[in-house]
Amino acid sequence: MASDCSHRSEILAINKVLLCLCSNPSGYSDILRQDQSRIDKKLKTFVSQVVQSYSREPPREWQGHLEKGKDIICVTGSTVIFQDYLEKGPPKKITFCVTGSTVIFQGHLEKSHQEKGKITFVSQVVQTYPRATKRKVVQSPREKVRFCVTGPYPRESFFLGHIPTFQKYLKEGKFFSEMAIEFIRKYGHVVKIELAERIIVITADPQSIRELMITGNHTKSKAAYEKLGFLFGERFIGKGLVVETDQKVWVWRRALMNPCFQKSYIKGLESAFNTEIDLLINKLAGLADGKTQVSMLEEFNHLTLDVIGKIGFGMQMNNVENRTEPSEYTKAIKLALGGVSAFVRDPFIKFKYSKWKYLADVKKAMRTLRVLSKQSFDERKKQIERGDYTPDDILNFLVKMKLENPELDGEVILDDITTFFLAGQETSANLLSFALICLWQNKDVLERLKAEVSDVVGDKHYISVEDTNKMEYLDMVIKETLRLYPPAANTFRENKTDIEIQGYKIPAGTGIMISTFVSSRLEEFFPEPLKFDPERFNPAENRIPSYTYFPFTLGPRTCIGKDFGIEAKMILSKIVQRFNFEMDPNQSFDIEESATLKPKGGAFCSFTLCDS
Ligand code: HEM
């Protein structure tokens with residue numbers, strides 16, 4: 001109770017200060033000159049911070065102590081908020097900002113003051129902050145977000161915002177999504193962060209996630225995806241399906257692509273999947289001496305690259321079998337993906353002289369990818385035009401799509417080829433590596449999974465799509481792995497209309513991050529969130545709260561290749577069917593966030609054959 005009283009007296013004291021500020025136009029300096037008995041030191045510091053720092057929100061711990069309609073103070077440069085208050089009553093959350101020449105008070109002021117609405121603020125402050133003076137009453141969307149939504153304060157740098165905070169997290173070995181989850185836990189289900197001039201709102205509020213992802217009323221964020229499309233100024237995945245932000249163009253192209261990813265098509269790949277996966281199984285069998293350490297992250301990467309190359313583009317890449325030089329395409333993909341990671345970790349990398357050589361290599365790799373994609377495309381086009389036999393794969397589909405729709409930009413088709421290679425490969429490899437780690441750490445789950453695989457397929461080596469569909473526990477294991485370790489953790493939207501998230505107004509045009517990694521690790525949605533418990537996904541129980549788990553995202557922009565999950569299921573079931581494995585306990589089991597989330601230590605395992 002003592003703390004309640006002290007918060008309350010602070011709030012009342014601040015009311016007085018603000019009244020004093022508005023009744024006395026030279027108030028700012030006067031207030032700071034007041035004697036200690038009237039305004040204590042803490043309050044003085046607070047007021048000077050409020051005035052000097054351009055915007056300020058009340059310390060979070062005060063919010064529960066404010067009485068609605070009585071002690072609420074809202075000082076803001078936005079008439080919108082004031083009008084809202086008159087129409088709808090006091091806002092749910094308290095915003096406490098000083099913005100410039102015009103200030104609006106809400107709360108316990110006399111009715112006459114409320115209706116008057118505008119009170120001239122201290123002139124010295126206005127002059128100190130010219131950006132604030134220009135703004136007057138009407139604010140740009142970006143400024144409104146700055147003032148409305150809570151977030152970590154003060155920012156470490158006026159110009160860079162939270163970039164230095166992010167860099168500190170990186171130094172501690174943490175990554176962006178971990179920083180986001182800490183902020184959400186601390187400030188509530190909607191927070192804002194500022195990265196230099198960009199504001200990003202992060203939401204874990206289920207209703208807003210529904211609005212942003214399901215309704216189709218909002219688009220992917222231009223700021224986030226266009227940079228990825230043209231990385232370091234070089235066309236990378238350009239305007240490929242993942243990064244297309246023009247809603248109309250995307251709807252058209254997605255409709256053209258959908259038939260290529262239907263379940264029936266994937267079912268037809270069953271035999272090709274088995275052949276490719278068996279190459280890895282045979283390789284592991286040759287190494288299964290209980291001692292040889294194998295990086296399963298690397299092996300899975302090779303396998304998924306071989307699979308997408310073969311079944312998607314008719315390319316024989318032989319990464320799994322090849323013990324010498326990787327193919328040119330493989331090298332280029334690795335380098336390009338490394339470039340994406342480098343960009344995500346350090347947006348200023350291109351300004352660092354020491355990195356220029358590396359960036360030149362990355363750009364060259366991106367050009368190589370396009371050249372090789374073009375060669376494959378042209379070759380297949382000729383085959384189709386000649387009437388030769390061609391496999392019914394993604395490349396065939398893309399070539400025919402172009403022939404039937406000549407208005408389609410050829411460069412965009414190349415973007416898509418690169419997109420499918422990248423999107424379809426690393427995500428699955430990371431998922432499988434995390435799954436092995438989780439199984440090794442949870443032996444009871446591993447035993448139950450082995451029992452299920454044995455029940456369904458015995459020691460049969462060919463595993464069909466039907467077999468995997470019968471493995472309910474395998475499905476739960478994969479889902480739980482994706483909950484804790486979603487390879488594609490975040491998606492970014494731009495709201496096309498003003499929306500409200502938990503009482504905060506988010507003006508149209510704001511960049512909003514939605515993260516399955518964040519939502520799926522919140523205690524309030526998933527009790528004991530760090531516990532690996534596939535039972536959460538038991539279909540008989542329906543325990544997953546809506547819009548809190550979305551490793552493939554939700555709504556129209558959901559992953560087009562999610563049914564390729566069948567490939568991951570086949571791989572995992574074949575591994576647990578044939579091998580016992582141990583992980584090297586000395587490796588790191590931390591997560592590395594680059595373009596995707598992956599296990600930092602590389603998931604090193606040693607194997608023995610089950611029947612040995
Ligand atoms: C475990 C495997 C996979 C995971 C976790 C995954 C996850 C995702 C996520 C989260 C998105 C949304 C990205 C965003 O909003 O920025 C996405 C989109 C996409 N994924 Fe996947 N994906 C997987 C496998 C695949 C495969 C195998 C393919 C293709 C062969 C693929 C192709 C795509 C494409 C083309 C999009 C863009 C869809 C659109 O915007 O219309 N993905 N994926």
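Numbering of ligands and ligand atoms starts at 1, following listing order. Keep in mind that this is a model prediction, so the values were computed, not measured.
- For atom 1 (C) of ligand 1, the closest non-hydrogen atom of the protein is Leu431 CD2, 3.8 Å.
- For Phe434, the ring pair (Phe, Tyr, Trp, His ring centres under 6.0 Å) partners two or more places apart in sequence, or in a different chain, are Tyr485.
- Counting only residues at least two apart or on different chains, the ring pair (Phe, Tyr, Trp, His ring centres under 6.0 Å) pairs with a member in residues 400-423 are Phe261-Phe420, Phe313-Phe421, Tyr329-Phe421.
- For ligand 1, one of its N or O atoms has an N or O atom of Trp250 under 3.5 Å away.
- Of the possible polar contacts, one joining the Ser341 side chain to the Leu337 backbone as a donor-acceptor pair under 3.5 Å is found.
- Contact annotation for Thr516 and ligand 1: no heavy atom of the residue comes within less than 4.0 Å of the ligand.
- Look at Phe550 and you'll find every heavy atom at least 4.0 Å from all atoms of ligand 1.
- Using bins of under 30°, 30° to 60° and over 60° for the plane-to-plane angle, the ring pair Phe183/Tyr169 lands in the perpendicular bin.
- Checked against the 6.0 Å centroid threshold, Phe230 and Phe236 do not count as a close aromatic pair.
- Under the 4.0 angstrom criterion for non-hydrogen atoms, Lys220 is in contact with ligand 1.
- Close approach to Tyr225 involves these atoms of ligand 1, each under 4.0 Å from a residue heavy atom: 14 (C), 15 (O), 16 (O).
- Note on Glu244 versus Arg254: no salt bridge recorded, every NZ/NE/NH1/NH2 to OD/OE distance being 4.0 Å or above.
- Taking any N or O of Thr553, backbone or side chain, none lies under 3.5 Å from an N or O belonging to ligand 1.
- If you check which protein heavy atom lies closest to atom 15 (O) of ligand 1, you get Thr491 OG1, 2.6 Å.
- The set of protein atoms (N, O or S) found at less than 2.8 Å from atom 21 (Fe) of ligand 1 reads Cys559 SG, by chain and number.
- Ligand 1 has no atom lying under 4.0 Å from any heavy atom of Val243.
- Residue-ligand proximity, Ile308 to ligand 1, at heavy-atom distances under 4.0 Å covers atoms 30 (C).
- Salt bridge annotation for Asp306-Lys310: absent, with no cationic side-chain nitrogen under 4.0 angstrom from a carboxylate oxygen.
- Under a 4.0 Å N-O distance rule, the pair Glu299/Lys283 qualifies as a salt bridge.
- Atoms of ligand 1 found under 4.0 Å from any heavy atom of Phe261, numbered from 1 in the order shown, are 29 (C), 30 (C).
- Ranking the protein heavy atoms by distance from atom 7 (C) of ligand 1 puts Pro551 O, 3.6 Å first.
- Shown in contact with Phe564 at under 4.0 Å from a heavy atom are these atoms of ligand 1, numbered in order with element: 27 (C).
- The salt bridge (Lys or Arg N to Asp or Glu O under 4.0 Å) check on Glu234 picks up Arg367, with sequence neighbours excluded.
- The shortest heavy-atom distance from Phe492 to ligand 1 is not under 4.0 Å.
- Between the side chains of His302 and Glu321, no donor-acceptor pair of N or O atoms lies under 3.5 Å.
- Classification of Lys239 and Asp416 as a salt-bridged pair fails, no side-chain N sitting under 4.0 Å from a carboxylate O.
- The existence of a salt bridge linking Glu494 and Lys496 is confirmed by a sub-4.0 Å separation between a basic side-chain nitrogen and an acidic carboxylate oxygen.
- Classification of Arg448 and Glu535 as a salt-bridged pair holds, one side-chain N sitting under 4.0 Å from a carboxylate O.
- In this structure, atom 39 (C) of ligand 1 lies nearest to the protein heavy atom Arg254 NH1, 3.3 Å.
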